[in-house]
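Before any comments, here is the structure.
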Amino acid sequence: MAILSKPPVRRSPHPGAAHPFEKNGAARRAVGRNLTAYGFLCGALICFAFFSWYPMIREIILSFQENNFVDPAKWVGFDNFRTVIEDPAFRSAWLNTAAFSGLALVVGYAVPFVLAVVLNELRHAVAYLRFVVYLPVMLPPAVAVLLFKWFYDPGSGLFNQILDVFGIPPLAWLDSTSTALISLVLVSTWMNLGTGTLIYLAALQSIPGDLYESAELDGAGLFRRVWHVTIPQTKLILLVMLLLQVVATMQVFIEPYLLTGGGPENATVTVAYLMYQYAFNFGDFGGGGALGLMLMVVLMVFSTIYLRVSRDNEGGR
């Protein structure tokens, strides 16, 4: 009976080298992973290009055209910029936008940080309080603004009823040039309070507890701990939130659109609202594009200054 022998095993001339089939399989898996990653990246880039880059480029082109999207577009150079600059509401729009941003920084930039510090010090009902603080963010912006429109009602509004309890005469919140803009700031602050508070709270909870313990051993109270520990440790997030706050407030639109319509006496007309008026009320999309381009340039200048200052601060450490 013949004895069957095992076929000789082919050994690689290099013992440590991988088999060609193993190499090909690993390469295919790596290519598959890369293709998947690039596929997701391409999808994000396409969405970003379609919804961000294309509108910006289209706005730049539109600002140099006379275009109502009915008649053929006509290139007019800088005529649109001259038209909007000569508009009496142009100066008021920029002044109101700057004032709104300044008031929002005083109120809306400090309040979320203070709330985050208070929540970080609490030990009970923290989850419930986080939910309460974040609740306004979950409301649709139009609903929140219309809710405040009832609060500001000069007759039966909630705020005037509260003033009446303390014997204070009612205020014409939205109908007076002295209170209309600050009323919009209060609405905007309440609507966006939760997001800033939770971001600050996350930053505070990442600070090592040893720093606070050392400060307490040195006899530092709450305010000294905040000044010497909390603020230096959250400097980066404070700068980022400052930039986001300015960029967001410079584009304020929904509050004047739904609450005041730019009044009274143009006291609440902003650049974004004036841009809307040119495009959709006057049918002058070129003028609206010119205003949008001006606003974009201003925000780009501010962002460049911010990035330069933050980079210098990082380099000086």
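- In this structure, Thr179 contributes its side chain and Ala172 its backbone to a donor-acceptor pair below 3.5 Å.
- Here the side chains of Gln277 and Leu274 are in contact, with some heavy-atom distance below 4.5 Å.
- Under the salt bridge (charged side-chain N to carboxylate O under 4.0 Å, His left out) criterion, Glu59 pairs with no residue, sequence neighbours left out.
- Put simply, Leu163 and Trp150 are part of the same group of oily side chains (I, L, V, M, F, W, Y) that touch within less than 4.5 Å, one to the next.
- Linking ILVMFWY side-chain heavy atoms closer than 4.5 Å, directly or via other members, places Leu174 and Ile162 in a single hydrophobic cluster.
- Using a 4.5 Å heavy-atom cutoff, the side chains of Pro112 and Leu115 are not in contact.
- Annotation: Glu265, atom CD; neighbour count of heavy atoms from other residues, nucleotides and ligands within 6.0 Å does not exceed 12.
- Once rounded to the nearest 0.5 Å, the distance linking CG of Leu204 with OG of Ser206 reads 7.5 Å.
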* To do: Give the C-alpha distance, both sets of side-chain angles, the deciding distance and a yes or no for salt bridge (charged side-chain N to carboxylate O under 4.0 Å, His left out) between Glu121 and Arg225.
  => CA-CA 11 Å; Glu121 293 291 326; Arg225 292 200 303 272; 3.8 Å; yes

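- Leu186 places none of its side-chain heavy atoms less than 4.5 Å from the side chain of Phe159.
- Under 3.5 Å, the side chains of Asp153 and Trp173 contain no donor-acceptor pair of N or O atoms.
- Among all heavy-atom pairs drawn from Ser176 and Pro264, the shortest one is C-CG, 3.8 Å.
- Separation of the Phe64 and Trp75 ring centroids does not fall under the 6.0 Å cut-off.
- With ring centers used as reference points, Phe78 lies under 6.0 Å from Phe81.
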* **Worked check of side chain to side chain contact (heavy atoms under 4.5 Å, CB included) between Leu184 and Leu259** => CA-CA 8 Å; Leu184 300 189; Leu259 287 177; 3.5 Å; yes

* To do: Take Arg82 and Asp79 through the side chain to side chain contact (heavy atoms under 4.5 Å, CB included) test and state the conclusion after the steps.
  => CA-CA 5 Å; Arg82 297 190 190 97; Asp79 288 352; 2.5 Å; yes

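- Looking at Asn67, its side chain never comes within 3.5 Å of a backbone N or O of Phe285 through a donor-acceptor pair.
- Listed for the Asn96 side chain is a donor-acceptor partner under 3.5 Å among the backbone atoms of Val269.
- Pairs of residues two or more places apart, or lying in two chains, never qualify as ring pair (Phe, Tyr, Trp, His ring centres under 6.0 Å) while including a residue from residues 213-238.
- At a threshold of 4.5 Å between side-chain heavy atoms, the hydrophobic network of Ile, Leu, Val, Met, Phe, Trp and Tyr places Phe166 and Tyr152 in one connected group.
- For the atom pair CG of Leu193 and CH2 of Trp190, the computed distance is 9.5 Å after rounding to the nearest 0.5 Å.
- Expressed to the nearest 0.5 Å, how far OG of Ser101 lies from CZ of Phe302 amounts to 9.0 Å.
- Between the side chain of Thr195 and the main chain of Asn192, no donor-acceptor pair closer than 3.5 Å is present.
- Within the model, atoms CG of Asp210 and CG of Leu217 stand 10.5 Å from one another, a figure rounded to the nearest 0.5 Å.
- Under the 4.5 Å side-chain heavy-atom criterion for grouping Ile, Leu, Val, Met, Phe, Trp and Tyr, Val132 is connected to Leu119 within one hydrophobic cluster.
- Side chain of Tyr200 to backbone of Ile237: no donor-acceptor contact under 3.5 angstrom is found.
- Considering only heavy atoms from C-beta on, Val298 comes within 4.5 Å of Met250 through its side chain.
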* **Full working for side chain to side chain contact (heavy atoms under 4.5 Å, CB included) between Lys149 and Leu258** => CA-CA 8 Å; Lys149 190 171 185 177; Leu258 291 178; over 6 Å; no

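- Listed by chain and residue number, Thr260 satisfy the side-chain hydrogen bond (donor to acceptor under 3.5 Å, both in side chains) test with Thr268 (two or more places apart in sequence, or in another chain).
- A donor-acceptor pair shorter than 3.5 Å can be found between the side chains of Asp87 and Tyr278.
- The number of heavy atoms from other shown groups lying within 6.0 Å of CE (Met300) does not exceed 12.
- Between the side chain of Asp164 and the main chain of Pro170, no donor-acceptor pair closer than 3.5 Å is present.
- Between the CG atom in Leu95 and the OG1 atom in Thr270 there is a gap of 12.5 Å [rounded to 0.5 Å].
- Taking CE of Met296 as the start and OG of Ser303 as the end, the distance is 11.5 Å to the nearest 0.5 Å.
- Residues Met294 and Val84 are in side-chain contact: their nearest non-hydrogen atoms beyond the backbone lie under 4.5 Å apart.
- Between Phe148 and Phe151, the angle of the ring planes goes over 60°, which puts this pair in the perpendicular group of the 30/60° scheme.
- Taking the six-membered ring where the residue is Trp, Tyr273 and Tyr257 present tilted rings, their angle falling between 30° and 60°.
- Under the 3.5 Å distance criterion, the side-chain polar atoms of Thr249 are matched with a main-chain donor or acceptor of Val246.
- Counting heavy atoms from C-beta outward, Glu255 and Ser188 have side chains that approach closer than 4.5 Å.
- Here the side chain of Asn80 pairs a donor or acceptor atom with the backbone of Gln65 at under 3.5 angstrom.
- Nearest heavy-atom pair, Ala272 versus Val252, reported as atom, atom and distance to 0.1 Å: CB-O, 3.5 Å.
- Ser63 and Leu293 get closest at one heavy-atom pair: OG-CD2, 3.6 Å.
- Contact of the Gln233 side chain with the Leu211 side chain is registered, since non-hydrogen atoms from C-beta on lie closer than 4.5 Å.
- With a 4.5 Å cut-off on side-chain heavy atoms, Val137 and Tyr134 count as touching.
- Around OH of Tyr54, the count of heavy atoms belonging to other residues, nucleotides or ligands within 6.0 Å does not exceed 12.
- Tracing side-chain contacts under 4.5 Å through hydrophobic residues (I, L, V, M, F, W, Y), one reaches Phe69 starting from Met275; they form part of the same cluster.
- Contact between Gln245 and Ala104 at its shortest, heavy atoms only, is NE2-O, 3.1 Å.
- The main-chain N or O of Val107 is never found under 3.5 Å from a side-chain atom of Thr189 such that the two would form a donor-acceptor pair.
- Within 6.0 Å of CD in Glu66 there are 12 or fewer heavy atoms belonging to other residues, nucleotides or ligands.
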* To do: Would you check, one step at a time, whether the test side chain to side chain contact (heavy atoms under 4.5 Å, CB included) holds for Leu103 with Ile182?
  => CA-CA 7 Å; Leu103 290 171; Ile182 188 63; 4.2 Å; yes

